[in-house]
Amino acid sequence: MPELAEVKFYANQWVPCLGQRVERVRCQEGKRVFRRCDFPALSGLDSEILQSMQTHGKQMLFGFSGGLWLHLHLGMAGRLQRGPRETTPSKHDHLILYTNEAALVYNDSRMFGEIRCYRSVDGEPPFWKRLPPEVTTPAFTREFLGNVLRRHARAPLKAILLRQEFFPGVGNWMADEILWRSGIHPACPGGRVRGVKLSELHRRVREVAEDALRVIATDWGDPPDDWLFPHRWRDGGVCPRTGRPLCREVIGGRTTCYSPARQRWPEELAGTPPLPSV
DNA sequence: CCCCATGTTCGACA
DNA sequence: GTGTCGAACATGGG
């Protein structure tokens, strides 16, 4: 499930425990989620204090005293929970941090997620400081978007939007939502999007991210019926704007839902000049 | 048994 | 370098 807003929601589950000291770390080395984890560092969380939480796209970073940083990714099915101190590990609980008041649980049934731990006394680990701009910040400009599309002029927009190095946090449903609101076909090549369409896409990327955060990140509310979201996997789903049927197709390697009635092919965009030849 | 899944990475190939 | 495709990872749900 986790995209931008869901990741924020899960990260928030641990926030009430900021300031608490970890009394015990429970985990099982050898599980896939620890495939690149510095295990001694992870065990070192024992007796340290949880001091900070931040997210970036689909990634979470928890800061601990002693210069330790816990870096989590939820993959396809991961989640975080906060439970009572008496919490006993259930089937896919791969990591539990026990404080004197609570249990902080990382759960991932498919193990596509990842748990890593770093030592860095001088603030966040270096990789974290080099992450690209988040789509909700001023650094995510129309020009930045235009450059990305120009450099991938022949790739379908859907595939481009899924790339975390450009659109951190955007996943399958957000990409579909963005393109649907923009009225652009998901298979439209990046190079076709210029001028007003570029402005439109830029606005919608930010809008979907902000809407998702507002609706999901704190309370995990149900997305309203005027989003594409509640209609997209429904068999016989209907576009809430046009009332016309939605369709599903694999684009950019992922099942994509769109509304053919309002998301047009590049050729149908009036006055679009041809793509530059490579 | 079949198919599908809100993610990422890797190798082969045009 | 760009882009596509399929497979792999591991599990659960319909």
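Chain A is the first sequence line, chain B the second, and so forth, proteins listed ahead of strands; every chain is numbered from 1. In this text the structure is predicted, and so the values were computed from the model without any measurement.
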Under 3.5 Å, which protein N or O atoms sit close to an N or O of nucleotides 11-14 of chain B? Give each pair with its distance.
none

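A:Q164 comes within 4.0 angstrom of sugar-phosphate atoms only, judged by non-hydrogen atoms across all strands, and of no base. Backbone-only contact: A:K91 has heavy atoms under 4.0 Å from sugar-phosphate atoms and none from a base. Residue contacts for A:P223: at a heavy-atom cut-off of 4.0 Å it reaches no nucleic acid atom on any strand shown.
For A:W173 against A:E6, the heavy-atom pair with the smallest separation is NE1-OE2, 2.9 Å.
Going from atom CZ of A:R254 over to atom C1' of B:dC4 covers 12 Å, rounded to whole Å. Atom P of nucleotide B:dT8 and atom CZ of A:R35 are separated by 11 Å, given to the nearest angstrom. Atom P of nucleotide B:dG7 and atom OH of A:Y10 are separated by 13 Å, given to the nearest angstrom. Atom CZ in A:R32 sits roughly 11 Å away from atom P in B:dT9 (whole-Å rounding). Rounded to whole Å, atom C1' of B:dA5 lies 9 Å from atom CZ of A:F112. As rounded to whole Å, 10 Å separates atom C1' of B:dG7 from atom CG of A:L162. Distance, A:W173 CH2 to B:dG7 P: 11 Å, rounded to whole Å. What separates CE of A:M76 from P of B:dC4 is a distance of 13 Å, to the nearest Å.
Taking atom C1' on both C:dT4 and B:dT6, the two are 23 Å apart, rounded to the nearest angstrom. Comparing C:dA7 with B:dC3, their P atoms sit 13 Å apart, to the nearest whole Å.
Taking the charged nitrogens against the carboxylate oxygens, A:K197 and A:E200 have no contact shorter than 4.0 Å, which rules out a salt bridge. Taking a cutoff of 4.0 Å between a charged side-chain nitrogen and a carboxylate oxygen, A:R206 and A:E210 do not qualify as a salt bridge.
The one candidate from A:L50, A:I49, A:N100 that meets the side chain to side chain contact (heavy atoms under 4.5 Å, CB included) condition with A:Q20 is A:N100. No option in A:F64, A:Y106, A:F34, A:F127 other than A:F127 meets the ring-ring contact (aromatic ring centres under 6.0 Å, His included) test with A:H71.
Both tests hold for A:R181 against A:W227: distance to the six-membered ring centre under 6.0 Å, angle to the ring axis within 45°.
Taking the ring centroids of A:W180 and A:F229, they lie at or beyond the 6.0 Å cut-off. Residues A:H202 and A:F140 bring their aromatic ring centres within 6.0 Å.
Under the 3.5 Å distance criterion, with hydrogens and angles disregarded, a donor-acceptor pair is assigned to the side chains of A:R142 and A:S199.
For C:dA10, there is no paired nucleotide, since no Watson-Crick or G-U wobble pair has both relevant distances below 3.5 Å. Base pairing of B:dT6: no nucleotide in any strand meets the Watson-Crick or G-U wobble criterion (both distances under 3.5 Å).
Looking only at distances, no side-chain donor or acceptor of A:E101 sits under 3.5 Å from a matching main-chain atom of A:R85.
When DNA chain C is scanned 5' to 3' for any atom under 4.0 Å from a heavy atom of chain A, the first and last hits are C:dG3 to C:dG12.
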